[in-house]
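Contents: one structure, followed by commentary.
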Amino acid sequence: MKKKYDVNTKDRIFEEAIKLFKEYGYDNVTVMQICDAAGITKRTFYYHYPSKEQLISGVNDSMGLKAEQLVSAMVNQKTNLGILWEIMSTYSKNAVNMGPDLTMQFFISEFKLGDKNDFPQSTYMFDTAVQIIENAKNAGEVSNPSSARDIAFALYNSLRGVSITWAAENGAFDLNEYYLKVLNVILGASYTPGSEN
């Protein structure tokens with residue numbers, strides 16, 4: 001009979017690992033240190049995460065993209081671009097929260113694992129972003145004549161590139177500001193956060 005594990009154990013492991021990575025650097029933290037910090041055994045760690053790289057590859061789904069928080073922020077927006085910005089800025093806020101070193105390690109792990117061959121279509125909220133862009137096009141908020149799916153594809157890839165550059169340059173520029181600029185250029189828009197309030 002397979003032992004049932006506490007659902008919160010996986011989150012606790014992740015949270016403790018992120019704290020350790022931020023304090024000591026990803027390469028300097030061992031699985032055993034993560035286990036000690038989370039109060040678990042190695043067996044429990046490997047039950048939830050096949051490796052340290054697999055743990056870090058789940059950052060986008062685990063950090064800040066909690067559905068209830070995101071939906072709450074989206075509901076307060078009055079325009080489609082406001083809603084889209086809430087989704088996109090979540091990624092930049094997560095990166096800033098993790099810091100450049102851990103953000104870079106996230107991308108290194110993603111590329112090593114090679115399980116994102118269908119990026120960005122497999123990304124959290126991609127289909128939602130496509131629908132929001134379609135709504136924004138219909139409302140006249142977007143001047144880019146490309147299809148909503150193509151716009152979302154370009155947006156996700158561009159923001160990923162900006163995030164990698166930001167991490168490689170050790171956070172040398174305001175990531176959120178760059179995200180906003182990329183969003184406006186790709187969509188052919190002039191959105192300013194808070195402008196609809």
Side-chain angles (χ1 to χ4, degrees), residues 1-74 86-130 152-153 155-157 159-171 175-176 179:
M1 184 169 151
K2 191 173 187 178
K3 182 178 179 182
K4 289 189 176 183
Y5 289 92
D6 178 7
V7 179
N8 295 321
T9 301
K10 186 171 184 173
D11 290 338
R12 188 172 71 249
I13 295 167
F14 183 83
E15 289 168 12
E16 293 301 328
I18 294 300
K19 286 179 196 173
L20 290 168
F21 295 156
K22 287 170 81 171
E23 185 172 349
Y24 301 108
Y26 176 84
D27 290 331
N28 299 322
V29 174
T30 66
V31 169
M32 199 61 228
Q33 288 172 304
I34 296 168
C35 293
D36 289 344
I40 60 164
T41 64
K42 269 189 165 182
R43 183 177 182 175
T44 301
F45 176 90
Y46 288 116
Y47 174 82
H48 291 287
Y49 296 101
S51 67
K52 195 167 81 164
E53 283 183 339
Q54 286 287 340
L55 184 148
I56 198 72
S57 74
V59 165
N60 276 337
D61 291 339
S62 299
M63 300 246 337
L65 287 176
K66 306 287 185 201
E68 64 278 3
Q69 294 168 344
L70 195 53
V71 169
S72 173
M74 289 166 47
E86 285 299 326
I87 295 170
M88 296 302 127
S89 66
T90 300
Y91 293 111
S92 67
K93 289 172 188 171
N94 287 342
V96 169
N97 183 48
M98 290 188 315
D101 181 54
L102 194 50
T103 298
M104 183 56 78
Q105 189 57 52
F106 162 75
F107 285 112
I108 290 169
S109 294
E110 284 286 291
F111 297 139
K112 276 185 182 177
L113 294 171
D115 60 355
K116 294 288 184 185
N117 294 333
D118 57 348
F119 180 86
Q121 292 85 346
S122 64
T123 303
Y124 188 77
M125 300 288 285
F126 179 78
D127 290 330
T128 302
V130 170
F153 180 85
L155 185 60
Y156 272 81
N157 276 289
L159 294 179
R160 182 189 215 186
V162 168
S163 297
I164 292 169
T165 302
W166 174 83
E169 294 180 2
N170 200 29
L175 186 59
N176 217 41
Y179 262 51

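Values below: all heavy atoms of this structure, side chains included; hydrogens, waters and symmetry mates excluded. If you read the sequence from its start, that first residue is 1, and numbering goes on from there.
- Within the structure, side-chain hydrogen bond (donor to acceptor under 3.5 Å, both in side chains) contacts touching residues 24-37 (residues at least two apart or in different chains) are Thr30-Gln33.
- With sequence neighbours excluded, the residues forming a ring-ring contact (aromatic ring centres under 6.0 Å, His included) with Phe126 are Tyr156, listed by chain and number.
- Distance check, rounded to the nearest 0.5 Å: CG of Leu102 to CD of Gln105 gives 7.5 Å.
- Formation of a donor-acceptor pair under 3.5 Å by the Thr103 side chain with backbone atoms of Ala95 is found in this model.
- Applying the salt bridge (charged side-chain N to carboxylate O under 4.0 Å, His left out) criterion to Asp127, with sequence neighbours excluded, gives Arg149.
- Of all heavy-atom pairs spanning Cys35 and Phe45, the tightest one is SG-CB, 3.7 Å.
- The two residues Val31 and Tyr46 make their nearest non-hydrogen contact at CG2-OH, 3.6 Å.
- From Glu15, atom CD reaches atom CD1 of Ile13 across 10.5 Å, with rounding to the nearest 0.5 Å.
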Quick one: side chains of residues 16-23, donor-acceptor pairs under 3.5 Å with protein atoms, not counting sequence neighbours, listed by atom name and distance.
unit_1	atom_1	unit_2	atom_2	d
Glu16	OE2	Lys19	NZ	3.4
Lys22	NZ	Asn97	O	2.7

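- Across all non-hydrogen atoms, the minimal contact from Gly171 to Pro100 is N-CG, 3.5 Å.
- Between Ala129 and Met88, the shortest heavy-atom distance links the atoms CB-CE, 4.1 Å.
- Every residue two or more places apart in sequence or in another chain was checked for a side chain to side chain donor-acceptor pair (under 3.5 Å) with Ser89, and none qualifies.
- For Phe153, the side chain to side chain contact (heavy atoms under 4.5 Å, CB included) partners at least two apart in sequence or on another chain are Pro120, Gln121, Asn157.
- To the nearest 0.5 Å, atoms NZ (Lys52) and CD1 (Ile34) are separated by 6.5 Å.
- Inter-residue side-chain proximity for Thr128 and Ile87 is flagged as met; some heavy-atom pair is nearer than 4.5 Å.
- Shown here for Ala152 and Val130, the closest heavy-atom pair between the two residues is CB-CG2, 3.6 Å.
- Taking 4.5 Å as the limit, every side-chain heavy atom of Ser163 sits out of range of all side-chain heavy atoms of Arg160.
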task: Could you walk me through whether Asn176 and Val96 pass side-chain contact (heavy atoms from CB on, under 4.5 Å), step by step?
output: CA-CA 9 Å; Asn176 217 41; Val96 169; over 6 Å; no
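- Two residues are said to be in side-chain contact when any heavy atoms from C-beta on lie closer than 4.5 Å; Ile40 and Arg12 meet this criterion.
- Side chain of Tyr49 to main chain of Lys10: a donor-acceptor pair is present (N/O by atom type, distance under 3.5 Å, no hydrogens or angles).
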